[in-house]
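The structure appears below as structure tokens.
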Protein chains: 2
Amino acid sequence: MRKNQKAEIRKPEILENYYQVLSEEGFEGASIGKIAKRMNIHPSLIIHYFKSKENMTIELVDLLIKKYEAPEFLQFNHIQNMEQRFQLLIDTIFSFEWSRTIDPGIHFGFYYLSFRNPKIRERYEAMIQRFRNYLIRELDVYQKEGIVKVKDLKKAADIIITLMEGLEFHAHFLSERQPFEKFANYAKNVVLSMLRDETFSSNFAGLMNIRNFVK
Amino acid sequence: MRKNQKAEIRKPEILENYYQVLSEEGFEGASIGKIAKRMNIHPSLIIHYFKSKENMTIELVDLLIKKYEAPEFLQFNHIQNMEQRFQLLIDTIFSFEWSRTIDPGIHFGFYYLSFRNPKIRERYEAMIQRFRNYLIRELDVYQKEGIVKVKDLKKAADIIITLMEGLEFHAHFLSERQPFEKFANYAKNVVLSMLRDETFSSNFAGLMNIRNFVK
DNA sequence: AAATTAATTGAATATTCATTTAATTTTTTT
DNA sequence: AAAAAAATTAAATGAATATTCAATTAATTT
């Protein structure tokens with residue numbers, strides 16, 4: 001029995017072109033017709049492979065997540081010097097290259113779509129949770145080495161992610177054509193001082209708030 | 001000579017309904033037809049007032065920014081105790097209510113649109129820069145009072161905004177149904193420890209990076 | 001080489017969309 | 001009350017959309 005061989009070639013091909021049209025024309029302008037025209041194929045061929053546009057969009061999300069999680073990006077196990085390994089992790093996460101793994105416009109677009117489409121939300125949520133868990137595991141290693149002294153590793157990981165995502169925002173709206181690294185380095189310091197501060201806990205400000213917050 | 005009186009009533013009315021349809025149906029589903037049906041008016045009346053959908057969208061952006069910048073939100077001049085005023089500012093910025101000034105879905109949607117539409121981008125950029133300037137002015141006051149010790153006020157303000165926006169992301173993807181305040185308080189501490197740390201500068205980590213970063 | 005299955009195209013559909021132009025109703029001014 | 005202007009509706013347009021079903025072409029298996 002013959003298997004659908006071309007599907008495994010065609011589908012990624014179509015998704016690649018979908019991504020391109022998306023980055024050129026935006027989500028509003030990215031139609032099946034335009035993708036087809038770009039590939040010199042018939043629109044119905046795209047439907048044939050993906051059944052519907054929604055399916056195709058979700059498969060693109062899956063593909064992008066796969067790319068984002070490519071093992072080569074955050075593989076630092078081979079580095080012996082732990083202080084160096086720690087630095088490289090932080091440097092990578094706050095680097096320009098890392099922030100551009102996915103086109104920022106498309107990045108924001110899919111975040112928006114995750115508000116509308118539960119399947120997309122599910123996938124992003126799971127991806128970010130995996131990333132968080134990865135960070136916690138890494139921080140745990142550095143904590144045992146005495147490089148990192150913060151107590152609540154989960155919250156620390158969340159701060160890293162929060163700043164990382166906020167940086168995306170900053171780069172778009174506040175960077176004033178300054179190089180990405182300039183502010184990213186400052187953000188990095190905020191993270192480093194949090195991670196290396198053994199007295200860092202979430203209590204002191206919390207107490208203050210209860211006292212001072214006026215409704 | 002008779003002036004277009006109803007325009008000043010109708011236009012905000014239409015924008016209000018546009019916002020509602022937007023939050024119910026998303027950007028893809030928010031059509032002039034649906035807004036009109038919701039208002040029991042004819043679609044062409046909407047075009048009559050706004051000339052085009054794009055114009056209408058930009059006017060909605062302007063309206064939302066105006067709401068966001070409503071003077072009652074961040075008016076703390078009346079508070080005598082400076083430490084208290086400082087706390088209240090930080091508490092407000094990291095409060096759930098503040099994060100929900102605009103529906104988060106629509107928030108993300110417009111951020112996305114700002115990648116596609118230069119006019120929208122322009123407006124958001126200007127708004128965020130105004131907010132940054134406001135923060136710098138406030139921080140300057142607290143610095144002179146000795147409450148805040150950080151040196152680079154602009155960078156400090158940017159960190160606050162970056163974390164604030166990152167929190168929006170965190171609330172959507174990482175909150176795990178925990179109340180907003182729980183993690184926001186932790187983020188607040190990160191900000192407070194940065195602001196109150198007189199030794200905080202952007203140098204030490206920067207030097208480390210040059211040494212350790214491997215291409 | 002015939003039969004089978006997959007790949008691809010063609011044509012048609014029905015819907016939705018923003019926008020235009022003209023006609024009508026309502027309100028205001030004279 | 002007549003005239004003028006604005007508010008609103010009606011109808012039509014044309015373009016773009018995703019998707020369907022049937023027909024055709026190409027490749028593979030028997």
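Per chain, numbering begins at 1; letters A, B, ... match sequence-line order. Nothing here was measured: the structure is a model prediction, and the numbers come from that model.
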Legend entry - salt bridge (Lys or Arg N to Asp or Glu O under 4.0 Å) contacts touching residues 12-32 of chain B (sequence neighbours left out): B:Arg10-B:Glu13, B:Glu24-B:Arg38, B:Glu25-B:Lys34
Inset, instruction - Scan residues 168-179 of chain A for pairs that pass salt bridge (Lys or Arg N to Asp or Glu O under 4.0 Å), counting only residues two or more places apart or in two chains. - result: A:Glu176-B:Arg132, A:Glu176-B:Lys154
Legend entry - Residue matched to C:dA14 through Watson-Crick or wobble contacts both under 3.5 angstrom: D:dT17
Legend entry - ring pair (Phe, Tyr, Trp, His ring centres under 6.0 Å) partners of A:Phe50, counting only residues at least two apart: none
Legend entry - Parallel, tilted or perpendicular: ring planes of B:Phe73 versus B:Trp98, cut at 30 and 60 degrees: perpendicular
Inset, instruction - Using a 4.5 Å cut-off on heavy atoms from C-beta on, say whether the side chain of B:Leu174 contacts that of A:Glu165. - result: no
Inset, instruction - Would you jot down, in residue-number order, the residues of residues 10-27 of chain B having a non-hydrogen atom under 4.0 Å from DNA chain C? - result: none
Legend entry - Rounded interatomic separation in angstrom, taking NE2 from A:His48 and C1' from C:dT5: 11 Å
Legend entry - Rounded interatomic separation in angstrom, taking CD1 from A:Ile41 and P from D:dT25: 19 Å
Inset, instruction - Sugar-phosphate means primed atoms, P, OP1 and OP2; the rest is base. With that split, encode nucleotides 14-19 of chain C 5' to 3' as B, S or - using protein heavy atoms under 4.0 Å. - result: ---SSB
Legend entry - d(CG, A:Leu45; P, D:dT20) in whole Å: 15 Å
Inset, instruction - Mind telling me whether B:Phe108 and B:His172 have parallel, tilted or perpendicular rings, with 30° and 60° as the class edges? - result: tilted
Inset, instruction - Taking atom NZ of B:Lys53 as the centre, report whether more than 12 heavy atoms of other residues, nucleotides or ligands fall under 6.0 Å from it. - result: yes
Inset, instruction - Indicate, with a heavy-atom threshold strictly under 4.0 Å, whether B:Tyr49 touches base, sugar-phosphate, or nothing. - result: sugar-phosphate
Inset, instruction - Please name all residues satisfying ring pair (Phe, Tyr, Trp, His ring centres under 6.0 Å) with A:Tyr112, sequence neighbours left out, ordered by chain then number. - result: B:Phe27
